[in-house]
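Presented below is the structure to which this report refers.
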Amino acid sequence: MSRPLVTLLTDFGTGSPYVAEMKGVLLSIHSDLQIVDISHAIPPQDIRSAALTWGQVAPSFPAQTIHVCVVDPGVGTDRRLVGLQCGGQTFLGPDNGIFDGILQRWPASEQWELTERRFWREPVSSTFHGRDILAPVAAHCAEGIPLEQFGEPCGGLVRLNWPFPRVTGERIEGECQRIDSFGNVISNIPRSLLDELDWPEWEVLILDRRVTRIVRTYGEGQPGELVALFGSQDMLEIALVASSAARELQAELGTLISVVPSSRA
Amino acid sequence: MSRPLVTLLTDFGTGSPYVAEMKGVLLSIHSDLQIVDISHAIPPQDIRSAALTWGQVAPSFPAQTIHVCVVDPGVGTDRRLVGLQCGGQTFLGPDNGIFDGILQRWPASEQWELTERRFWREPVSSTFHGRDILAPVAAHCAEGIPLEQFGEPCGGLVRLNWPFPRVTGERIEGECQRIDSFGNVISNIPRSLLDELDWPEWEVLILDRRVTRIVRTYGEGQPGELVALFGSQDMLEIALVASSAARELQAELGTLISVVPSSRA
Amino acid sequence: MSRPLVTLLTDFGTGSPYVAEMKGVLLSIHSDLQIVDISHAIPPQDIRSAALTWGQVAPSFPAQTIHVCVVDPGVGTDRRLVGLQCGGQTFLGPDNGIFDGILQRWPASEQWELTERRFWREPVSSTFHGRDILAPVAAHCAEGIPLEQFGEPCGGLVRLNWPFPRVTGERIEGECQRIDSFGNVISNIPRSLLDELDWPEWEVLILDRRVTRIVRTYGEGQPGELVALFGSQDMLEIALVASSAARELQAELGTLISVVPSSRA
């Protein structure tokens with residue numbers, strides 16, 4: 001039988017003792033867990049970044065994985081802690097919008113508010129529910145206890161005001177949604193949208209630059225050339241070959257990115 | 001039977017190849033170990049930070065965990081390498097003060113100086129005892145070999161000059177002991193001390209600010225408000241709601257933090 | 001039977017969701033893998049740094065370890081993905097020079113170009129072969145499938161123009177090859193070269209400084225003193241006791257480091 005898999009996603013910072021405390025609690029309950037760090041480098045309290053990360057990585061994980069996210073500015077207030085199943089996997093965390101990324105990929109299952117104190121660590125602090133509630137719930141979940149035993153079915157989750165790209169006439173208007181460690185500027189414009197519009201040729205506008213070189217991969221342009229391509233999540237991104245597009249363009253999260261049919265002058 | 005658990009705490013830096021070398025040595029001896037990274041982001045040679053981290057995280061780990069710390073500015077000199085048992089767990093590292101945090105939580109067990117070369121990796125370098133001595137000792141320890149077989153009983157450990165809070169008249173004087181990734185300013189003043197003094201109301205003085213709003217959790221104040229609360233380790237901390245108190249206050253490790261009964265003017 | 005060991009070395013950045021995606025793919029195929037992070041802090045597209053890291057850490061890992069490196073600026077172009085065996089371990093990655101460090105330690109085995117699509121994840125993106133090809137190949141490799149089943153034998157690997165130290169008359173000329181998190185300036189001059197020359201006494205020249213204090217370990221000098229020693233990889237390094245030599249000297253990768261017999265004036 002394979003070892004249950006628990007992943008952790010937090011804004012505690014890489015190397016934070018808070019992460020180690022959660023792992024200690026998990027392994028105290030079930031020493032045979034396989035724990036995978038998704039990331040602890042989410043910017044402090046950045047719920048949208050956490051939601052995007054879960055949406056990006058969860059599809060690569062096997063069924064029955066238990067994912068825990070602790071990006072939880074409302075810890076100890078009346079915000080709910082919830083659990084739900086999506087795509088055959090279990091997701092646990094505060095109901096503040098962090099589930100939005102996975103809910104865009106998979107239909108929502110039933111949801112449970114985590115209210116059953118008998119699974120919690122005692123005493124429960126008012127500032128660290130990741131350690132005192134979510135970690136023990138995840139460990140017991142990994143034993144095969146079904147989600148409904150951890151609490152009550154509950155209503156609609158908090159959703160984020162997610163910036164979807166808009167199509168207005170002959171123009172797609174999107175924005176920068178993520179910048180990776182290479183400085184690639186990743187938009188919220190999916191390949192499927194351009195497939196649908198089926199323009200014979202198109203180009204990308206960002207800040208005061210026009211990117212006309214549409215490539216298949218980073219190494220196709222010349223070093224120093226700005227290119228546009230669909231990245232590994234099938235989202236449109238702008239790259240600077242062998243360098244950082246974000247630095248060159250001074251792009252940030254939220255920077256406008258448009259796509260228009262190519263002008264033939 | 002569960003897999004033995006070994007944790008690592010170092011100042012090598014996240015992603016350092018020195019950490020990977022230690023893991024390779026551990027897994028070469030005992031491929032079934034579960035290795036947990038406590039942190040590799042301890043500031044270089046910061047013994048006190050390592051001691052605090054061990055003191056914070058060890059209580060969350062299960063009995064029989066083997067903890068290894070390599071914050072070791074004296075490597076290769078005549079400083080001793082020691083092993084001891086505290087709270088049912090085993091701690092291995094250089095005798096330079098790193099054990100001080102756990103020794104404040106648990107009574108000291110007998111201690112052994114690690115002198116038995118037959119458990120070491122050969123040849124032993126003079127600059128990396130983490131890889132050449134501590135990793136192999138930890139791996140053999142995880143097989144169940146008792147600590148006394150690794151060396152000789154030895155006398156008192158090096159202790160740090162730890163800054164405990166002082167109570168003088170109607171004033172507690174403490175200091176900033178840790179700043180977390182959210183910028184929360186964590187003092188060395190435990191909840192138990194305030195419980196004991198039993199002042200009807202109190203406030204916190206830090207730099208030139210007076211913090212009168214005492215809350216239960218971060219989300220209780222208004223965004224931008226300075227609040228004081230007891231964190232997840234039951235130590236008094238100062239937080240700036242939805243932001244970084246350390247940045248706002250320009251607080252640092254060692255910054256004075258006082259608590260006084262509330263003045264009613 | 002022990003769990004197969006897979007290591008990951010990338011330039012994705014610590015906490016990158018790309019790393020998590022690779023782990024998800026690995027664990028989806030073979031949930032019992034032990035995954036060890038070598039480092040994800042390789043500077044973007046720095047092939048030489050990746051090659052050095054593999055060369056440094058692989059000798060500490062057990063036989064049969066499967067190492068995966070994704071520092072891959074040419075992803076999706078016609079650069080090859082290859083696998084080879086060295087020192088009883090398996091190495092997988094793009095053929096761009098990353099194998100150079102291990103090839104300096106161990107004789108090259110036969111090499112295979114990874115061409116067998118039946119082991120790949122479908123569809124294969126053009127920008128993330130780490131997730132879509134290398135991770136599934138590594139997971140299947142860990143099941144014991146021999147390397148030759150993953151592709152075709154192939155010819156010589158891309159090699160780096162590696163800066164070996166030169167001996168000219170009574171002078172060794174080397175350079176800074178790595179700077180660790182302590183600021184130790186690590187050269188490409190091995191202890192064996194100085195053993196061979198067998199100079200009665202020698203000193204080190206770096207930038208405009210002369211380092212005459214040759215020690216066995218960091219703690220042997222006075223705080224603030226510049227010392228030279230052989231580090232844990234038996235390479236000559238320059239250290240500043242209790243501080244950072246790199247910062248003090250303003251040394252960088254490539255900074256010239258010479259060794260000459262001691263002058264007796």
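Numbers restart at 1 for each chain; the letters A, B, ... are given by sequence-line order, proteins then strands. The model shown is predicted, which means the values in this text are computed figures rather than measured ones.
Looking at B/Gln56, the atoms closer than 4.5 Å to chain A (heavy atoms on both sides) sit in the backbone and in the side chain alike. Contacts between A/Pro17 and chain B at a heavy-atom distance below 4.5 Å involve backbone atoms as well as side-chain atoms. Contacts of A/Ile35 with chain B are absent, with no heavy-atom separation under 4.5 Å from either backbone or side chain. Heavy-atom distances place both the backbone and the side chain of B/Ile38 under 4.5 Å from chain A.
Remark: side-chain polar atoms of B/Thr217 are paired, donor with acceptor, to backbone N or O of A/Ser126 under 3.5 angstrom. A donor-acceptor pair under 3.5 Å is absent between the side-chain atoms of A/Ser125 and the main chain of B/Gly231, judged by distance alone.
Atom-to-atom distance recorded for B/His40:NE2 and A/Thr14:OG1 is 11.0 Å, nearest 0.5 angstrom. A distance of 3.5 Å separates CZ in B/Phe182 from CG in A/Asp11, rounded to the nearest 0.5 Å.
Within 6.0 Å of the CD atom in B/Gln250, the count of heavy atoms belonging to other residues, nucleotides or ligands does not exceed 12.
The choice from A/Ser16, A/Gly13, A/Ala20, A/Gly74 that makes the most heavy-atom pairs within less than 4.5 Å of chain B is A/Ala20.
Of all heavy-atom pairs between B/Arg216 and A/Thr127, the closest is O-CG2, 3.8 Å. Residues A/Arg131 and B/Ser60 come closest through the heavy atom pair CD-OG, 4.3 Å.
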